[in-house]
Amino acid sequence: MTKVRTRFAPSPTGYLHIGGLRSALYAYLFAKKQGGDFILRIEDTDQQRHVEGAEDVIYNTLRETGLIWDEGPDVGGAYGPYVQTERRAIYQKYADELVERGGAYRCFCTKEELDRRRAEAEAKGETFKYDKHCLGLSEAEIREKIEAGLPCVIRQNVPESGQASFDDLIFGQITVDCATLDDNVLIKADGLPTYNFANVVDDHLMAISHVMRGTEYLSSTPKYNLLYEGFGWEKPQYIHMSPVMRDEKRKLSKRDGDASYDDFIQKGYLKEAIVNYIALLGWNPGTEQEKFSLEELVEAFSLEGMSKSPAIFDPVKLTWLNFEYIRALDPADYRAYALPWYEKAGLAGWDYGILDRILQPRTEIFSQIPDMVAFLVAMPAFDASLYANKKSKCDPALAKELLPQEMALLEGLPDWNETAIHDALMQFAADQGRKNGQVLWPLRIAIAGQAVTPGGAIEILALLGRDESLRRLQESMAALGA
RNA sequence: GCCCAGUUCGUCUAGUGGCCUAGGACACCGCCCUCUCACGGCGGCGACACGGGUUCGACUCCCGUACUGGGUGCCA
């Protein structure tokens with residue numbers, strides 16, 4: 001059996017979006033599961049849409065997420081070059097060969113003329129199809145036009161009748177009538193190949209065993225098989241993957257402002273969570289396991305679990321998975337991720353130990369940290385009605401009664417640390433015959449100024465320190481008239 | 001328009017003719033725990049696109065319709 005070889009073949013036209021990353025992931029998983037090779041090829045034949053630096057984004061993202069390629073532009077390999085613009089001569093040679101074999105022909109019709117006819121056909125509600133006009137040109141006529149310097153493309157010569165088909169490992173057999181197929185351009189006037197030609201030549205020459213790509217190629221693949229037949233080449237296996245959608249109608253795309261991989265990282269998502277989530281978008285392991293490391297994904301991956309229908313990207317579920325990963329982080333790793341956000345929030349130099357402890361179990365995305373701790377940096381204005389809480393059996397009147405006593409108690413503490421504060425307050429509650437909630441609720445409100453806080457009164461007192469705690473208490477009591 | 005696909009809770013999905021009064025996860029709601037929130041525990045809401053067949057029996061097979069996606073480029 002020949003070695004499994006898959007490839008990820010992105011166009012360097014911008015940032016790597018989530019859908020592209022998922023395609024790369026599946027191609028990687030499929031190859032690695034079977035001990036095969038994963039190849040990276042850059043498809044840059046469209047010079048118009050090329051974006052500077054886009055290749056680096058691709059390299060960096062794949063490396064970061066652990067999708068390490070065995071062959072590619074930067075690491076080389078036995079089937080290079082791996083950048084299509086560096087393979088010009090190869091395509092030219094094979095195109096000439098295909099012309100010889102009758103599978104393609106030179107065409108001198110101008111783009112303008114064809115565009116006009118296409119528009120005309122469209123206006124009439126018809127499908128435009130090239131009429132094979134140049135197929136009838138004689139050798140002499142062709143030579144004459146070339147010598148005259150007329151621009152020329154090479155078109156695929158599709159049979160006018162019969163059927164073309166292929167077997168897809170996910171979708172099964174796909175068959176189309178050749179009559180519905182057009183004689184597409186294989187080599188453009190600029191000498192570069194179109195995707196239609198380059199992908200076939202490259203996949204064959206690079207010995208790709210399984211062509212994995214999006215379903216947008218599902219209906220044109222029969223046509224590509226005609227090319228393989230024209231050359232007498234062995235066809236690869238095909239695996240078409242359904243797209244990731246933004247909603248029912250739109251595909252996920254950077255153009256529509258959908259987040260790219262980099263955007264998610266910057267917002268404080270963990271790469272492990274992103275990879276895990278997109279793996280599950282359109283694939284299921286056949287078990288109820290939901291958390292997978294990349295290694296576990298390789299182990300569990302199978303085409304059986306691939307879905308045929310498009311999957312809608314759900315940021316809420318991604319966030320949940322991210323939360324799971326953050327909670328499972330080693331404390332030291334959590335600190336490393338959180339530190340920049342603490343600093344951004346204005347908490348540089350605070351007691352990171354307490355911050356980690358109250359925040360790690362509550363952080364879904366790191367970018368939430370500044371909002372969660374804003375009350376520590378600046379005391380929010382609040383209304384006395386916040387002292388009212390049914391479950392804690394507390395109201396403004398009770399707050400007014402207890403707060404001064406608690407203030408006095410805290411003022412008298414010899415040491416200001418969590419244990420000391422905790423013990424003193426618990427003792428106070430016991431002495432007063434009060435529920436813990438009655439003592440702690442008003443205190444927390446008085447020093448935090450908001451109903452919901454990460455952590456409780458004791459942690460917050462410890463974080464704020466004695467001076468700031470007492471200052472806030474004083475201020476809140478004054479507002480209460482206590 | 002024509003061609004190729006797809007269609008199970010709001011979302012991701014399980015389901016390959018009887019195991020389905022359709023299972024899980026996220027979200028949502030309720031209760032418990034609790035100084036708030038979160039965590040955790042328990043419970044709830046919620047789907048086979050529609051219509052015909054085939055069959056003793058259909059979410060599962062066939063046909064049609066609807067809807068969605070893709071293609072119909074000297075884009076990929």
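The sequence lines fix the lettering, A, B, ..., with proteins before strands; numbering per chain opens at 1. All values below come from the heavy atoms of this structure, side chains included, with hydrogens, waters and symmetry mates left out. Fair warning: this is a prediction, and the values are worked out from it, not measured in the lab.
Base pairing of B:A58: no nucleotide in any strand meets the Watson-Crick or G-U wobble criterion (both distances under 3.5 Å). In this structure, B:U21 makes no Watson-Crick or G-U wobble pair, since no nucleotide meets both defining distances under 3.5 angstrom. Across all strands shown, B:G6 pairs with B:C67; the Watson-Crick or G-U wobble distances both stay below 3.5 Å.
Ion pair A:D96/A:R106 flagged as a salt bridge, since at least one NZ, NE, NH1 or NH2 atom sits closer than 4.0 Å to an Asp/Glu carboxylate oxygen. A salt bridge links A:E120 and A:R116; the closest N-O separation between the charged side-chain nitrogens and carboxylate oxygens is under 4.0 Å. Using a 4.0 Å cut-off between charged nitrogen and carboxylate oxygen, A:R250 and A:D247 count as a salt-bridge pair.
In the set B:U36, B:U13, B:U68, B:U13 carries the atom at the smallest distance from any side-chain atom of A:N284. Of the candidates B:C12, B:A27, B:G40, the closest approach to any side-chain atom of A:A311 belongs to B:C12. Closest contact between the side chain of A:S309 and the listed nucleotides B:U36, B:G6, B:G69 involves B:G6. Minimum atom distance to the side chain of A:E288 is reached by B:G24, of the listed B:U13, B:G24, B:G6.
Residue A:R250 places no side-chain N or O under 4.0 Å from the OP1 or OP2 atom of B:G70. Close to B:U68, at under 4.0 Å from its OP1 or OP2, lies a side-chain N or O of A:K249. Taking only side-chain nitrogens and oxygens, A:K308 comes nearer than 4.0 Å to OP1 or OP2 of B:G6.
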Test log, rule side-chain contact (heavy atoms from CB on, under 4.5 Å), inputs A:K308 and A:S242
CA-CA 6 Å; A:K308 292 180 182 176; A:S242 55; over 6 Å; no

Test side-chain contact (heavy atoms from CB on, under 4.5 Å) on A:T85 and A:Q47 and set out the steps.
CA-CA 9 Å; A:T85 46; A:Q47 302 284 280; 3.3 Å; yes

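As a whole-Å value, the separation of A:N436 CG from B:C33 C1' is 14 Å. Atom C1' of nucleotide B:U7 and atom CZ of A:F171 are separated by 12 Å, given to the nearest angstrom. Protein atom NZ of A:K317 is 4 Å distant from nucleotide atom C1' of B:C26, rounded to whole Å. For A:I174 and B:C3, the CD1 to P distance is 15 Å, given to the nearest whole Å. Per the geometry, CH2 belonging to A:W283 stands 14 Å off C1' belonging to B:A14, to the nearest Å. If you measure from atom CG of A:L181 to atom C1' of B:C4, you get 11 Å, rounded to the nearest angstrom. In this structure, A:Y277 atom OH and B:C26 atom C1' are separated by 9 Å, rounded to whole Å. Atom pair A:D314:CG and B:U11:P shows a separation of 10 Å (rounding to whole Å applied).
A ring-centre distance under 6.0 Å is found for A:F166 and A:H240.
Separation of atoms CG (A:N389) and CZ (A:R444) is listed at 8.5 Å; rounding is to 0.5 Å. One distance of note links CZ of A:R472 with CD1 of A:I445; it measures 12.5 Å at 0.5 Å rounding.
Mapped onto RNA chain B by nearest heavy atom, A:G437 and A:F313 fall at different nucleotides, with A:F313 at the one closer to the 5' end. Both A:K391 and A:P454 sit near RNA chain B, but only A:K391 has its closest nucleotide nearer the 5' end.
A:T319 comes within 4.0 angstrom of no nucleic acid atom, judged by non-hydrogen atoms across all strands. At the heavy-atom level, A:F323 lies under 4.0 Å from the strands shown only through sugar-phosphate atoms. Among the heavy atoms of the strands lying under 4.0 Å from A:T175 are primed sugar atoms or P, OP1, OP2 only; no base atom is included. Looking at heavy-atom distances under 4.0 Å, A:G455 makes contact with a base.
Across the C1' atoms, B:A76 and B:G70 are found 13 Å apart, a figure rounded to whole Å. The P atoms of B:G23 and B:G46 are separated by 12 Å, rounded to the nearest whole Å. Taking atom C1' on both nucleotides, B:U11 is separated from B:C39 by 24 Å, rounded to a whole Å. Remark: the separation of the C1' atoms in B:G18 and B:G6 is 27 Å, to the nearest Å. Going from the C1' atom of B:U21 to that of B:C4 covers 39 Å, rounded to whole Å. Remark: the separation of the C1' atoms in B:C59 and B:A22 is 8 Å, to the nearest Å. For the C1' atom pair drawn from B:G53 and B:A58, the interatomic distance equals 12 Å after rounding to whole Å. Rounded to whole Å, the C1' atom of B:A27 lies 15 Å from the corresponding atom of B:U13.
Other residues, nucleotides and ligands place no more than 12 heavy atoms under 6.0 Å from the NZ atom of A:K93.
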Show the atom names and distances, to 0.1 Å, of all donor-acceptor pairs under 3.5 Å that link a side chain in residues 170-179 of chain A to residues at least two apart or in another chain.
| residue | atom | partner | partner atom | Å |
| --- | --- | --- | --- | --- |
| A:D177 | OD1 | A:Q163 | NE2 | 3.2 |

Contact state string [nucleotides 71-76 of chain B, B base, S sugar-phosphate only, - no protein heavy atom under 4.0 Å]
SSSBBB

